[in-house]
J.: 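Just passing along the structure, written as structure tokens.
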Amino acid sequence: MSSKHINILEVKNLTKYFSVNKGLFSNQNSVVKAVDDVSFSIAKGETLGLVGESGCGKTTAGRTVLRLHEPTKGQIIFDGTDITKVRMKPYRKKMQMIFQDPYASLNPRMTVGDIIGEPMDIHKLAKGKERKDRIYHLLELVGLNKEHANRYPHEFSGGQRQRVGIARALAVQPEFIVCDEPISALDVSIQAQIVNMLEDLQNSLGLTYLFIAHDLSMVKHISNRVGVMYLGKLVELAKSDELYDKPAHPYTQALLSAIPIADPKASKEKKRIILEGDVPSPIDPPSGCRFRTRCPYATKICAEIEPEFKEISPSHMCACHLYNK
Amino acid sequence: MKNNLLEINNLYTTFRTYAGKVYALNNVSFSIGKGEAVGVVGESGSGKSVTMLSIMRLLAENGFVESGSIIFDNKNLSELTDKQMQDLRGNEIGMIFQDPMTSLNPVFTIGNQLVESIVKHTKLNRSEAKQKAVELLKMVGIPSPEKRLKQYPHEFSGGMRQRVMIAMALSCEPKLLIADEPTTALDVTIQAQIIELMKDLKEKLNMSIILITHDLGLVADICEKVVVMYGGTIVEQGTTEDIFYNPQHPYTKGLLKCIPRMNMGRERLKPIEGQPPDMINPPKGCPFVERCSSAMKICELQKPIYTEIKKGHGAACWLHEAGSKGV
Ligand SMILES: Nc1ncnc2c1ncn2[C@@H]1O[C@H](COP(=O)(O)OP(=O)(O)OP(=O)(O)O)[C@@H](O)[C@H]1O
Ligand SMILES: Nc1ncnc2c1ncn2[C@@H]1O[C@H](COP(=O)(O)OP(=O)(O)OP(=O)(O)O)[C@@H](O)[C@H]1O
Ligand code: SF4
Ligand SMILES: [Mg+2]
Ligand SMILES: [Mg+2]
């Protein structure tokens with residue numbers, strides 16, 4: 001059984017450090033351990049959700065997988081080929097990204113038609129009438145229409161701009177898309193429109209998604225499996241239902257308990273795990289388990305040894321000493 | 001009437017712009033009791049922030065309250081001078097703004113700004129105020145507050161800045177706290193801390209809260225009442241139970257259907273199709289008419305009147321007019 005046909009993406013020990021200057025008068029550099037030794041894979045046609053606190057490294061992980069950042073360490077295997085060191089141009093076509101901010105990610109001086117057409121030009125995919133037809137087709141695919149092609153981004157609402165961003169990502173017919181918080185900036189009533197559209201596109205075009213978000217109920221809805229990150233580490237990974245029904249890592253448990261539920265009765269009955277303290281700095285993360293400074297169950301070993309990310313039940317991965325017997 | 005801390009009646013607010021006049025608020029009325037928490041929800045651009053800025057007399061220069069009255073603690077706010085209004089803000093009404101980056105001064109330390117605000121609004125002297133500032137930062141979950149007070153806003157993360165704003169708004173123990181999306185920049189785990197804190201103060205100080213948010217979960221958690229806005233008007237209001245379990249307005253119903261429930265499988269979401277109205281040319285009739293699946297002829301022609309279906313629960317929708325059946 002060759003993994004090539006099952007997993008479109010395999011990420012092994014992916015690590016991304018940023019060096020930051022400590023100050024004006026210091027020549028000492030320190031490093032931000034934004035993503036640290038993270039491994040996962042995504043099957044063809046699957047959606048893997050990625051959640052975690054702000055600053056835990058979700059965007060960095062997504063960008064590094066696409067080599068928009070060069071990995072510090074680790075391996076990225078796309079459709080059976082190790083792409084960690086190769087020239088990315090041929091792969092850019094297959095791997096795309098939808099960006100976090102629909103307001104900032106579109107060039108304000110280009111028409112929507114040209115924004116969508118640009119990636120086709122870069123990859124020399126279509127010219128003239130064919131290009132135009134494809135742009136119209138893409139606009140329709142994302143629920144806009146032909147007339148929109150000659151307009152500029154500022155003439156659109158947030159939800160419409162996000163659709164333009166999606167049409168642009170689809171322009172090169174990718175197989176894999178990193179969706180970085182594609183709905184966070186949108187109204188609740190528009191969020192559902194976009195999520196349905198992403199699901200429809202997945203079904204009709206066989207797309208694979210890495211779906212980054214902090215709205216846990218939306219992630220659960222769209223993902224087959226969900227990974228939880230904390231301070232640059234992947235701490236848990238499981239099928240969505242399993243993760244939400246039986247969260248294993250204390251951080252995941254706290255995270256899930258903290259989600260407000262839109263139901264007054266259920267909300268009053270819900271017991272919340274309130275985490276003490278702030279998120280530590282990724283420049284100087286705690287020794288051992290990075291969550292130990294806020295973990296209600298932390299013991300001595302947690303400060304001494306980093307827990308291994310391993311399978312605690314079939315296809316349920318977790319990094320926590322509580323499961324080390 | 002007696003127990004209402006704040007009463008807003010028939011508020012109309014507009015903005016002058018080069019593109020034309022923006023009709024931001026059209027006849028907004030609601031009230032809030034002492035110790036009560038009201039959630040204000042609704043589409044982006046529906047007028048939630050403008051309502052609060054109108055109350056506080058903090059509208060941008062091109063914004064005007066055209067008519068309506070605002071009664072706070074038995075005072076008619078339109079009769080107060082600017083100076084009196086300023087005293088009221090930060091003393092009796094605390095406000096947390098939607099954008100924490102713009103509301104802190106980048107050139108002063110966090111401690112400086114907190115102490116300044118405490119001295120101004122309480123009877124404490126500087127050294128007592130400093131002590132209080134430390135307590136407040138601790139209360140909003142910022143570790144090593146003594147050290148943190150010496151830092152500047154840019155050295156704080158977005159979530160921490162937001163918590164400083166919350167600490168500042170609470171420093172004067174206001175009668176009313178207006179919180180505009182106070183936790184959007186925060187993680188759920190930190191958000192949970194802040195929400196516990198707000199609930200606690202509500203109990204202890206009998207503080208009233210107006211919470212503006214997109215997050216219906218938060219509303220379900222802390223609010224007794226909910227106001228639903230769409231296109232510059234209140235389309236529905238009622239108790240939290242009324243709104244969540246017995247919504248009347250098609251927009252409220254649609255909004256509740258949009259959110260995926262934790263216990264639901266991967267079935268399809270039910271979005272509200274279409275886009276919100278343009279407030280420079282607002283629709284003549286119901287603002288929701290273009291997106292409403294129950295819309296009738298009259299909805300295009302005439303504004304529906306807000307009608308109560310029971311005490312404290314009402315909606316502005318033609319479906320609730322007796323004569324509308326079968327139009
Ligand atoms: N180009 C960069 N240079 C230096 N540090 C960076 C850079 N990009 C990200 N970081 C740091 O890496 C860490 C992870 O950031 P990242 O943007 O990946 O977080 P995130 O999980 O996407 O957060 P959010 O939910 O807020 O988008 C943060 O501490 C951030 O400050
Ligand atoms: N200074 C201004 N000049 C012109 N129009 C304005 C101004 N401030 C607000 N508006 C308009 O008033 C209307 C209501 O805006 P408001 O900020 O109250 O929306 P909101 O409900 O708070 O939305 P959000 O959820 O996005 O914060 C919008 O149409 C907005 O464009
Ligand atoms: S008044 Fe008409 S258009 Fe407006 S919500 Fe009611 S049914 Fe729909
Ligand atoms: Mg991010
Ligand atoms: Mg607002």
Side-chain angles (χ1 to χ4, degrees), chain A residues 51-56 143 156-160 184-197 199-200 214-224 240-241 244 251 254-268 270 272-280 293-294, chain B residues 41-46 141-144 157-160 163 183-193 195-196 214-224 239-241 243-245 251 254-276 291:
Chain A
V51 301
E53 276 169 329
S54 173
C56 70
F156 290 87
S157 72
Q160 288 174 322
S184 307
L186 306 176
D187 260 346
V188 185
S189 75
I190 313 283
Q191 285 187 2
Q193 291 179 13
I194 300 287
V195 164
N196 280 351
M197 190 189 87
E199 288 178 343
D200 290 345
H214 61 245
D215 179 336
L216 290 117
S217 46
M218 208 52 105
V219 172
K220 177 180 185 230
H221 174 81
I222 198 169
S223 309
N224 304 95
S240 317
D241 290 339
Y244 286 78
Y251 174 62
L255 200 61
L256 291 178
S257 85
I259 309 171
I261 352 175
D263 180 331
K265 280 185 198 133
S267 173
K268 292 206 171 71
K270 186 163 178 170
R272 292 199 170 70
I273 305 169
I274 304 280
L275 289 178
E276 299 296 329
D278 225 341
V279 188
T293 53
R294 297 167 79 199
Chain B
V41 300
E43 210 77 357
S44 176
S46 61
I142 293 182
S144 26
S157 74
M160 284 163 75
R163 280 184 271 170
T183 56
T184 348
L186 306 179
D187 304 300
V188 277
T189 56
I190 306 287
Q191 169 175 290
Q193 283 178 21
I195 294 307
E196 286 307 311
H214 280 283
D215 190 335
L216 291 160
L218 279 187
V219 171
D221 191 6
I222 27 185
C223 299
E224 284 101 14
T239 65
T240 308
E241 278 76 17
I243 300 294
F244 280 87
Y245 301 136
Y251 173 67
L255 192 64
L256 288 165
K257 275 194 208 128
C258 286
I259 39 173
R261 310 271 162 163
M262 279 317 233
N263 56 6
M264 99 186 205
R266 291 194 70 189
E267 68 252 41
R268 224 174 143 71
L269 298 173
K270 299 183 189 66
I272 307 174
E273 297 298 344
Q275 304 290 337
R291 302 171 76 185

J.: Please rank A:Val195, A:Asp200, A:Leu216, A:Ile194 by heavy-atom pairs under 4.5 Å with chain B and give me the top one.
T.: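 Ranked by heavy-atom pairs under 4.5 Å with chain B, first place is A:Asp200.
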J.: Heavy atoms, side chains only, cut-off 4.5 Å: are B:Ile195 and A:Arg272 in contact?
T.: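 Counting from C-beta outward, B:Ile195 and A:Arg272 never come under 4.5 Å.
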J.: Measure distances from A:Lys270 to the heavy atoms of chain B and classify the residue's part below 4.5 Å as side chain, backbone, both or neither.
T.: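 Nothing of A:Lys270, per the 4.5 Å heavy-atom cut-off to chain B.
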J.: Once side chain to side chain donor-acceptor pair (under 3.5 Å) is applied, do any residues pair with A:Gln191, and if so which ones, sequence neighbours excluded?
T.: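 With sequence neighbours excluded, A:Gln191 shows a side chain to side chain donor-acceptor pair (under 3.5 Å) to no residue whatsoever.
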J.: Using non-hydrogen atoms and a 4.5 Å limit, figure out which bit of A:Glu53 sits close to chain B: side chain, backbone, both or neither.
T.: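 Answer is both: backbone and side chain atoms of A:Glu53 are under 4.5 Å from chain B.
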J.: Report the option among B:Cys223, B:Pro276, B:Gly274 that has the most heavy-atom pairs separated by less than 4.5 Å from atoms of chain A.
T.: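 Greatest number of close heavy-atom pairs with chain A: B:Gly274.
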J.: For the candidates B:Gln191, B:Gln275, B:Glu241, which exhibits the highest count of non-hydrogen atom pairs separated by less than 4.5 Å from chain A?
T.: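 Most heavy-atom pairs within the cutoff with chain A belong to B:Gln275.
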J.: List in chain and number order the residues that pass side chain to side chain donor-acceptor pair (under 3.5 Å) with A:Ser217, two or more places apart in sequence or in another chain; answer none if no residue qualifies.
T.: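 A:Ser217 satisfies side chain to side chain donor-acceptor pair (under 3.5 Å) with A:Asp215 only.
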J.: Is there a donor-acceptor pair closer than 3.5 Å between any side-chain N or O of B:Gln193 and the backbone N or O of A:Leu275?
T.: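 Answer holds: yes.
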J.: Please check if the side chain of A:Asn196 supplies one atom and the backbone of B:Leu269 the other of a donor-acceptor pair under 3.5 Å.
T.: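 Yes; at least one donor-acceptor contact below 3.5 Å.
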J.: Is B:Asp215 close to chain A through its backbone or its side chain, or both, or neither, when contacts mean heavy atoms under 4.5 Å?
T.: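 Interface part for B:Asp215: side chain.
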J.: Between A:Asp263, A:Leu255, A:Ile273, which has the largest tally of heavy atom pairs under 4.5 Å with chain B?
T.: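 If we count pairs closer than 4.5 Å to chain B, A:Asp263 comes out on top.
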J.: Side chain, backbone, both or neither: which part of B:Val219 has a non-hydrogen atom closer than 4.5 Å to chain A?
T.: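 For B:Val219, neither part sits under 4.5 Å from chain A.
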J.: Less than 4.5 Å apart, any side-chain heavy atom of B:Glu43 and any of A:Ser189?
T.: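 Answer yes - side chains close enough.
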J.: Taking B:Leu216, B:Val188, B:Asp221 one by one, which has the highest count of heavy-atom pairs under 4.5 Å against chain A?
T.: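 Highest number of pairs under 4.5 Å: B:Asp221.
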J.: Identify which part of B:Glu273 has an atom lying under 4.5 Å from any heavy atom of chain A, answering side chain, backbone, both or neither.
T.: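 Both parts, backbone and side chain.
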J.: Which atom pair, heavy atoms only, marks the closest approach of B:Ile272 to A:Gln193?
T.: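 Minimum heavy-atom contact is O-NE2, 2.6 Å.
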J.: For a quick test of reading the model, state the closest non-hydrogen atom pair linking B:Ala220 to A:Ile261 and the distance between them.
T.: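 The answer is CB-O, 3.5 Å.
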